[in-house]
Amino acid sequence: MDAAELSERLDLEDVSEVIRAYQATCAKVVERFKGHIVHYLGDGLLVYFGYPLTHEDDALRAVRTGLGIVEGMSG
């Protein structure tokens, strides 16, 4: 469910709270896998891996970050 769908079901204050929790979860998981959040885009975000330092497994870190975000939001 994206922010537009949430805004149809919840009050604006509740939507903002959910998005803040989502962004906090994302930031924690991205940091754990050494990613760099470049820009928050509403209910999305742009994350770089391999910046400013590269790692041999940056692609794997990106995948693990996505899975970690899903896991973090489901619990």
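Residues M73 and F33 fall within the same hydrophobic cluster, defined by Ile, Leu, Val, Met, Phe, Trp and Tyr side chains chained together at heavy-atom separations under 4.5 Å. Criterion: ILVMFWY side-chain heavy atoms under 4.5 Å apart, direct or through other members. Under it, V18 and Y40 are not part of a common hydrophobic cluster. In the hydrophobic clustering of this structure, I19 does not group with L45; members are Ile, Leu, Val, Met, Phe, Trp, Tyr whose side-chain heavy atoms approach within less than 4.5 Å, directly or through other members. At a threshold of 4.5 Å between side-chain heavy atoms, the hydrophobic network of Ile, Leu, Val, Met, Phe, Trp and Tyr places V70 and Y22 in two separate groups.
Interatomic distance, D11 CG to S16 OG, rounded to the nearest 0.5 Å: 10.5 Å. E5 contributes atom CD, which lies 9.5 Å from atom CG of D43 (distance to the nearest 0.5 angstrom). Put simply, CD on Q23 and NZ on K28 are 14.5 Å apart, with the number rounded to the nearest 0.5 Å. Of the inter-residue distances, the one linking H55 atom NE2 with L60 atom CG reads 12.0 Å to the nearest 0.5 angstrom. In this structure, L46 CG and L41 CG are separated by 6.5 Å, a value rounded to the nearest 0.5 Å. How far CZ of R64 is from CG of D57: 7.0 Å, rounded to the nearest 0.5 Å.
No more than 12 heavy-atom neighbours from other residues, nucleotides or ligands sit within 6.0 angstrom of OH on Y48.
In this structure a side-chain-to-backbone donor-acceptor pair under 3.5 Å is missing from Y51 to H36.
When all heavy atoms are compared, the tightest approach of T25 to I69 is CG2-O, 4.3 Å.
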